[in-house]
Amino acid sequence: MHIHDVIIIGGGPCGLAIASRLREHTPSATFTDDEHQRYHWIRKHGQKMNIKNYRSGADYNPKFLHKPHAKDGLDMLVIDAEGAKWMTRWNRLFKTFSITHLRSPMFFHVDPADRDALLAYTHENCRQCELQELPGCVGKEMSKHRKKQRRKGSGRISQSGPDIDERDRHDYFTPSSSLFDAHCSKIVDRYQLYEGMIRHDAVLNIEYTSVSSFDECEVGSDISNCSSPDDESAFRLTTRDGVYFARIVVLAVGPGNAPSIPSIPGLLQHTLYLGHCHAMQLNDFPSPSVKNKIAKRASTNILIVGGGLTSIQLADLALKRGVTKVWLLMRGPLKVKYFDIDLDWVGKFRNVNQASFWSADTDEERLEMFLQARNGGSITPRYRKILDKHIASGKIVLHTHTTLKSVQWVPDTHIWTSVVSSPSVSFPEMDYIVFATGVQSDIRTLPFLQKFQKEHPIDCVGSLPCLNDDLMWNDDVPLFVTGRLAGLRLGPGAPNLVGARVGAERIAWNISDILENRKEKNSVGKGVEGYEKEALTQYASGRRNRFDSLIDGH
Ligand SMILES: Cc1cc2nc3c(=O)[nH]c(=O)nc-3n(C[C@H](O)[C@H](O)[C@H](O)COP(=O)(O)OP(=O)(O)OC[C@H]3O[C@@H](n4cnc5c(N)ncnc54)[C@H](O)[C@@H]3O)c2cc1C
């Protein structure tokens, strides 16, 4: 049986962010620019700051001088349910939805080396033409003078309009999907995160238990080099194909849960894929039956349920691919925003919001801020224009504040009749229904964590776990969580690329601490050499009492 140092579950952006960060040995590049990360870093690792030699001016960190290069020392494996390549799910969805550009700005990426890495990569490779400006996002800031004038006039400051500095204009572009993809490939190359380290497999169960109870071999391996003492605990991951072992596990599973279609009378199990589907389950769009009708030049109608960007992207794509008319149903109003989160969490005053998120007294308050900043699905101003154009030409019919109540499937003709909504709308017969209703993420219902949560209960607020500040399940169980499920610690950007990078930063420091502590612990009792080494490490790292280390380890 072989025990990996770290297993990352999920090879999406969050998984890639963690893996690359674990192999980046000068990550401080990110701290200088991003106060959020600095805030956490100083709180937790401030005492391990570099020491400046007052004569030469050179920086050195005694601890890192003794630390093996992570790349050489860390035994890391990634398990992903969708494929043995990085970003398989991301790439599948972007291809299926034909998304040409990301929604997020240039500093939303997963490169641990530099906050401006995506921008730099773009210029280095002369790919500026693949950037799309976010019109109206920058340059509408009100000057202090105008604010003062307004205050004099109305007695209060207007809070409307985005506050983004003109000097940050270069950040407010969105990269093309292929540019972003190329940048991710560059990260994979730079940190040598080749595909051999990713297994295409699905985790079905997680246990954290004593190593002495492990008696199986890992999938596809006959290695039995378990160097752990029997009293040590580790993770056993049961997967579709077998079993894996790890000292530390990182959950980077995105929303985690499978997409769920609202239960609507008339939707049948056997019409899944044939007549209806969740957007996240689409592999081919429009469906083969609709494509057949289009080929025969017959008229086609598609119903799309959902108020986020995906529903408009799919509606536009359907029309481009020959569908005659699309009916859009939203249970709320149509919301238009640049990003999934409010600009205040991205722009000039993001630190104020992040600090108040962090300093909130309770997780209930944090959840409230999280929900308020995201506020459900929204579309971008660019897609608003596309939508308006289609509505004007009569190709899209939009019904906001409307819920789908029931449908009826006619098996012979493969169409939906009697489509009923509230309030009532007169619908034609539909050829296909797509639910772009998002994924209801809930840690309590994740199938592979059911047994684990009974053995290691955790408080939840909303559907999110109350992790410790290190993004760990609790102080004794080194199961780290990143991405959307770490929303109560990472803030409203957690489900996005920015959350991936910030999460990776915080988790990587703790992983390296845990592994180092373990090494120190194991060197105790291994003779004089091990003892001296440990004393020296303690002295160098400035942990505990330095004078004790000197006396004991002289
Ligand atoms: C169409 C679309 C476009 C988007 N565009 C943007 C954008 O432009 N900018 C932005 O910031 N955000 C965007 N987002 C949000 C986006 O989802 C996140 O930024 C990003 O995908 C989050 O990465 P992740 O790694 O947390 O999750 P995911 O990308 O969902 O990756 C999770 C991975 O975990 C794997 N997994 C899950 N459960 C298991 C299991 N039990 N065993 C093994 N593997 C498992 C999955 O197979 C998956 O590959 C977009 C989302 C969608 C759907």
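Keep in mind the model is a prediction, meaning the values are calculated, not measured. We count ligands from 1, going down the list as the structure has it; atoms in each ligand are counted the same way.
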* Does the pair Asp75/Arg247 count as a salt bridge with the N-to-O cut at 4.0 Å? -> no
Output a table of donor-acceptor pairs, distance under 3.5 Å, between side-chain atoms of residues 256-264 and any protein atom two or more places apart or on a different chain; print 'none' if there are none.
residue : atom : partner : partner atom : Å
Asn257  : OD1  : Asp442  : N            : 2.7
Asn257  : ND2  : Thr445  : OG1          : 2.8
Ser260  : OG   : Gln440  : OE1          : 3.4

Gln354 and Trp358: side chain donor to acceptor below 3.5 Å: no
Q | Atom CZ of Arg331 with >12 non-hydrogen neighbours under 6.0 angstrom | A | no
Practice prompt. Would you check if Asn468 and Trp473 make a side-chain contact, meaning some heavy-atom pair closer than 4.5 Å?
Written response: no
Can you confirm whether the side chains of Arg199 and Thr239 place a donor and an acceptor under 3.5 Å from each other?
no
Counting only non-hydrogen atoms and a 4.0 Å cut-off, the residues near ligand 1 are Ile9, Gly10, Gly12, Pro13, Cys14, Ile79, Asp80, Ala81, Glu82, Arg89, Trp90, Leu93, Phe94, Phe97, Ile99, Leu102, Arg103, Ser104, Phe108, Asp201, Ala202, Val203, Ala252, Val253, Gly254, Pro255, Met280, Phe448, Pro495, Asn496, Leu497
